[in-house]
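For reference, the structure is listed below as structure tokens.
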Amino acid sequence: MTPKTFKIKSFGCQMNVYDGERVAELLAAEGMSPAAEADDADLVVLNTCHIREKAAEKAYSDVGRLKREDGSKPMIALAGCVAQAEGAEAKRRSQLIDIVVGPQAYHRLPEMIAQASRGARPVDTDMPALSKFEALPPRRRAAPSAFLTVQEGCDKFCTYCVVPYTRGAEISRRWKDIVTEARGLVDAGAREIVLLGQNVNAWADDGLALADLIRALAEISALERIRYTTSHPVNMSDELIAAHGEVDKLMPYLHLPVQSGSNRILKAMNRSHSAEGYLATIEKMRSARPDIALSGDFIVGFPGETEEDFEATLQIVDEVRYASAYSFKYSARPGTPAATMEDQVPREIMDGRLQRLQARINAHQVAFNRSKVGVDTKLLIERKGRREGQMIGRSPWLQSVHVDTEAQAGDILDVTLVAAGPNSMTGAVRQRVAA
Ligand code: 5AD
Ligand code: SF4
């Protein structure tokens, strides 16, 4: 039977969120309607993440949980990076799975759904360059802050990471297609666009680079804010740094993962930058945009990491004074070079290091938030808060700000930041900016 309703569950990174939105639009264009819960849906798409431990096991147990009390089940599509990594093997591991679709093959879903409705179990993990974007329907609805994938894949091959295998080689979407999609998002209500890519700052088209694209998008008058993520330190060009000082709509926030503060470990990770090189980039960024909020990613317990290496990581955290940062315990991913390296670090040591690192990161985050108390700024309202009359928006520095207001999602307010918590701020409205 052909499904009439669908539910998409996305896990992991922002790119999966973006892909999930595009798949929802594709299925809606096919005449299907979204269901509130997986339990009510004829088709469930599990848009999975493979970056860290037990990803595949988690995906299979999520699949198992879609079985209903009366013994029935929806049509199940395993999508995303676990689907890419497992391929046809997924059908053998779980009889419940009807469709296996990798991240570069979503545009083929309608056809695969038709095949599954006839009892087949199609698998598509091909990686045709670019075709999925061009085959997806245009944007019709957009949140106040909307994602736009401009680049996918990775050629860097950090020794711990599955991304080059699950998302494929680095490809950049065409300038023209990105500008068209950005205009569509703005017409559909977006006030902020977040440009996405695994190596977003490696984006290039016909001699043009990310800084050029940002400057062009800033010309769209109803677009108020531009962000981009995730950047690689080696692709942080002087032009891009300069844009932070010159383009008002480019928000003062940069997510720039360093992973470790130890040059020995950075080398073993194949990161192609040193701690000093990274700090020099941060320095340049701070001179272009002194109030920039910096964010990063860290891995503790990479094979061979000693106490001394770990202390170098704590030190770089202190030098950069991150406004926020994500930290993870190293997880051996099958098929990556680091998985078979000697000196894997025992779990208890990793646990201890992660705790110490997170405490250090939190201290800087609290200090950053406190430094913004009393500051007048603009807030992009994104959604309702928990309390009646409360809304939640984002500051230019990507802080979550709670504010009592009658304003709606998509409004931009003049606020004073009046209080700081560890994970969010409180704002007080000054006046409404005319839209
Ligand atoms: N183990 C732990 N963390 C990882 N990351 C990527 N691969 C691994 C792994 N094998 C982290 C990195 C990356 C973020 C998205 O996930 O810090 O920047
Ligand atoms: Fe993974 Fe490194 Fe590529 Fe980032 S740059 S996606 S960590 S291989």
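Every number for a ligand or one of its atoms is a count from 1 in the order of the listing. These numbers come from the heavy atoms of this one structure, side chains and all, not from hydrogens, waters or symmetry mates. The shown structure was predicted, so the numbers you read here are calculated from the model rather than taken from an experiment.
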Using a 6.0 Å distance limit plus a 45 degree cone around the ring axis, check whether Lys58 lies over the aromatic ring of Phe11. yes

Among protein heavy atoms, which sits nearest to atom 14 (C) of ligand 1, and what does the distance come to when rounded to 0.1 Å? Asp297 OD2, 3.4 Å

Pair Asn369-Gln399, side-chain donor/acceptor within less than 3.5 Å: yes

I'd like to know whether Thr166 forms a side-chain hydrogen bond (donor to acceptor under 3.5 Å, both in side chains) with Gln84, so could you lay out the CA-CA distance, the side-chain angles of the two residues, the decisive distance to 0.1 Å, and finally the verdict. CA-CA 6 Å; Thr166 57; Gln84 186 67 36; over 6 Å; no

What residue and atom, counting heavy atoms only, is the protein's closest point to atom 4 (C) of ligand 1, and at what distance? Ile299 CD1, 3.6 Å

Run the salt-bridge test on Arg22 and Asp19 with the 4.0 Å N-O cut-off and return the result as yes or no. no

For Arg333, the ligand 1 atoms with a heavy-atom partner under 4.0 Å come out as 10 (N)

Pick one of side chain, backbone, both or neither for how Phe328 approaches ligand 1, counting any non-hydrogen atom pair under 4.0 Å. side chain

Charged N to carboxylate O under 4.0 angstrom, Glu21 versus Arg139? yes

Starting from atom 2 (C) of ligand 1, find the nearest protein heavy-atom neighbour and note its residue, name and distance. Lys329 O, 3.3 Å

So, applying ring pair (Phe, Tyr, Trp, His ring centres under 6.0 Å) with His255, which one of Trp397, Tyr322, Tyr326 is it? Tyr326

Return the residue, atom name and 0.1 Å-rounded distance of the protein heavy atom closest to atom 12 (C) of ligand 1. Gln259 OE1, 3.4 Å

Residue and atom name of the nearest protein heavy atom (relative to atom 4 (Fe) of ligand 2), distance in Å to one decimal: Arg271 NH1, 4.4 Å

Going by the 4.0 angstrom heavy-atom rule, the piece of Arg52 near ligand 1 is side chain

Which residue and atom name correspond to the protein heavy atom nearest atom 6 (C) of ligand 1, and how close is it? Ile51 CG1, 3.5 Å

In the protein, what heavy atom is nearest to atom 8 (C) of ligand 1, and what distance, to one decimal place, separates them? Tyr160 CD1, 3.7 Å

Gln365 and Asn423 side chains, donor-acceptor separation under 3.5 Å: yes

Identity and distance of the protein heavy atom lying nearest atom 7 (S) of ligand 2: Tyr160 OH, 3.2 Å

When you measure from the centre of the six-membered ring of Phe328, is the NZ or CZ of Arg52 closer than 6.0 Å and no more than 45° off the axis? yes

Is there a nitrogen or oxygen of Tyr330 sitting under 3.5 Å from a nitrogen or oxygen of ligand 1? no

Going by atom types alone, do Glu86 and Tyr60 pair a side-chain donor with an acceptor below 3.5 Å? yes

What heavy-atom pair brings Pro164 and Cys154 nearest, and what distance separates the two atoms? CB-O, 3.5 Å

Hydrogens and angles aside, do Asn47 and Tyr106 bring a side-chain donor and acceptor to less than 3.5 Å of each other? yes

Considering heavy atoms of the protein only, find what lies nearest to atom 1 (N) of ligand 1 and give residue, atom and distance to 0.1 Å. Ser331 N, 3.0 Å

Excluding waters, how many protein N/O/S atoms sit closer than 2.8 Å to atom 3 (Fe) of ligand 2? 1

Hydrogens and angles aside, do Asn263 and Glu276 bring a side-chain donor and acceptor to less than 3.5 Å of each other? yes

